[in-house]
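A, B, ... follow the sequence lines: proteins, then strands. Residue 1 opens every chain.
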2 protein chains.
Amino acid sequence: MLPDATDRKILELLQQDSQLTIKEIASRINLSVTPVHERIRKLQKEGIIDKYVCILNRRKVGKALIVYCNVTLDKQRRESFEDFNKAIIQMSEVLECSVVSGNFDYMLKVIVADAEAFNQFYQHKLSALNSVLHISSYFVISEIKYTTAIAV
Amino acid sequence: MLPDATDRKILELLQQDSQLTIKEIASRINLSVTPVHERIRKLQKEGIIDKYVCILNRRKVGKALIVYCNVTLDKQRRESFEDFNKAIIQMSEVLECSVVSGNFDYMLKVIVADAEAFNQFYQHKLSALNSVLHISSYFVISEIKYTTAIAV
DNA sequence: GTTGAAACCGGTTGTCT
DNA sequence: AGACAACCGGTTTCAAC
């Protein structure tokens with residue numbers, strides 16, 4: 001079942017603040033508690049709501065530096081992609097990794113303490129992978145926007 | 001106050017699942033409810049925990065396509081950066097936007113329904129901005145990893 | 001979908017060690 | 001700082017409309 005307008009309002013609110021009480025959500029969308037509760041339960045059961053998490057202030061946990069990496073693999077090696085994927089999933093510095101179209105293979109978002117920590121990651125973990133042929137790194141100077149909320 | 005080893009365990013758990021009860025967290029780290037409750041309260045007050053959100057399954061809400069965009073601005077215009085920042089923050093398709101070092105100015109993560117929706121966004125919203133000089137787009141073919149959890 | 005009620009359970013607080 | 005116990009409020013389920 002696709003989310004209707006009411007479901008979308010609920011999703012919008014929960015994507016901003018998942019600690020809102022059902023009572024509070026109900027009052028904001030002019031409904032009573034029962035249907036709101038029922039809708040949230042359904043959205044969870046159907047997997048539209050995937051999970052609930054907390055978002056940390058990355059500076060306050062000592063992760064001040066974000067680096068985007070464009071990675072090109074060595075296509076000669078048959079297993080390159082599989083090997084690379086498995087390795088990347090294990091690396092806690094990598095928050096996002098996608099195969100992309102264009103003149104390189106992967107786009108990575110890496111988060112580390114500082115430039116020296118990135119150097120360690122780059123030298124000993126990322127470029128140490130056999131499958132990697134080339135890496136271009138883009139250091140984030142200023143984060144303008146970061147949200148996990150999808151417009152529904 | 002910096003988070004100690006116990007705080008880090010709590011943060012790790014809450015970043016995976018913020019619906020865990022304090023009782024459950026307490027039992028997993030071999031503590032009673034009181035100190036866990038007290039530590040979470042402090043982590044929130046200090047802003048180390050920024051917020052609680054729900055994460056949606058983007059495919060199930062009809063946002064199947066992610067595109068990364070490298071944007072170069074027209075440096076001739078003095079107000080380019082400010083104008084661009086303000087405009088981007090308003091665009092719900094843009095989940096992430098950062099100023100980066102290198103041969104372009106911004107890295108964007110855009111999420112839309114499909115290629116046609118991206119075309120609409122590209123033509124009428126992003127490239128419509130006066131400050132924009134050049135855009136390179138990279139379509140995501142396969143998402144290997146996506147997490148909001150920072151290793152602490 | 002609404003209201004109201006009841007049971008349950010987790011968050012919250014205070015006290016004691 | 002952690003353990004224990006009591007209270008309060010929200011969640012959850014149910015019945016009736």
Q: How many whole angstroms separate atom CZ of B:R39 from atom P of C:dG11?
A: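 My rounded result for the distance is 17 Å.
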
Q: Tell me the interatomic distance from B:D17, atom CG, to C:dG10, atom P, rounded to whole angstroms.
A: 14 Å

Q: Would you say the side chain of B:T34 and the base of D:dC4 hold a donor-acceptor pair, judged only by whether the two atoms sit under 3.5 Å apart?
A: yes

Q: In this structure, how many angstroms lie between the C1' atom of D:dT12 and the NZ atom of A:K42, rounded?
A: 17 Å

Q: Between D:dG9 atom C1' and A:L20 atom CG, what is the distance in whole Å?
A: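 Between C1' of D:dG9 and CG of A:L20: 16 Å.
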
Q: Taking atom C1' of D:dA3 as reference, at what distance in whole Å does atom CD of B:E38 sit?
A: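 Rounded to whole Å, this separation is 14 Å.
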
Q: Do B:V140 and A:F104 sit in the same hydrophobic cluster, where Ile, Leu, Val, Met, Phe, Trp and Tyr count as joined when their side-chain heavy atoms come under 4.5 Å apart?
A: yes

Q: Nearest to the B:V33 side chain among D:dG2, C:dT2, C:dT12, which nucleotide is it?
A: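 Of all the options, the side chain of B:V33 is nearest to C:dT12.
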
Q: Taking atom P of C:dG10 as reference, at what distance in whole Å does atom OH of A:Y52 sit?
A: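 Answer to the nearest Å: 16 Å.
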
Q: When the aromatic ring centroids of B:F139 and B:Y68 are compared, is their separation below 6.0 Å?
A: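 Ring centroids of B:F139 and B:Y68 are no less than 6.0 Å from each other.
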
Q: Can you tell me the distance, in whole Å, between the CG atom of A:N30 and the P atom of C:dT3?
A: 11 Å

Q: Between atom NZ in B:K23 and atom P in C:dC8, what is the gap in whole Å?
A: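 In whole Å, C:dC8 P lies 14 Å from B:K23 NZ.
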
Q: Under 4.0 Å between a side-chain N/O of B:H37 and OP1 or OP2 of C:dG11, yes or no?
A: no

Q: In dot-bracket notation, what is the pairing pattern of DNA chain C, taking Watson-Crick (N1-N3 plus N6-O4 or O6-N4) and G-U wobble (N1-O2 and O6-N3) contacts under 3.5 Å, with [ ] crossing and | for other strands?
A: ||||||||||.||||||

Q: Would you please classify the geometry between the B:Y106 ring and the B:F84 ring as parallel, tilted or perpendicular, with 30° and 60° separating the classes?
A: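 Tilted: the ring planes of B:F84 and B:Y106 meet at 30° to 60°.
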
Q: Counting heavy atoms from C-beta on, name the nucleotide in C:dG11, C:dG1, C:dT3 closest to the side chain of B:T21.
A: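 My answer, after comparing the listed nucleotides, is C:dG11.
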
Q: So, the side chain of B:D105 versus the backbone of B:L73: is there a donor-acceptor pair under 3.5 Å, distance only?
A: yes

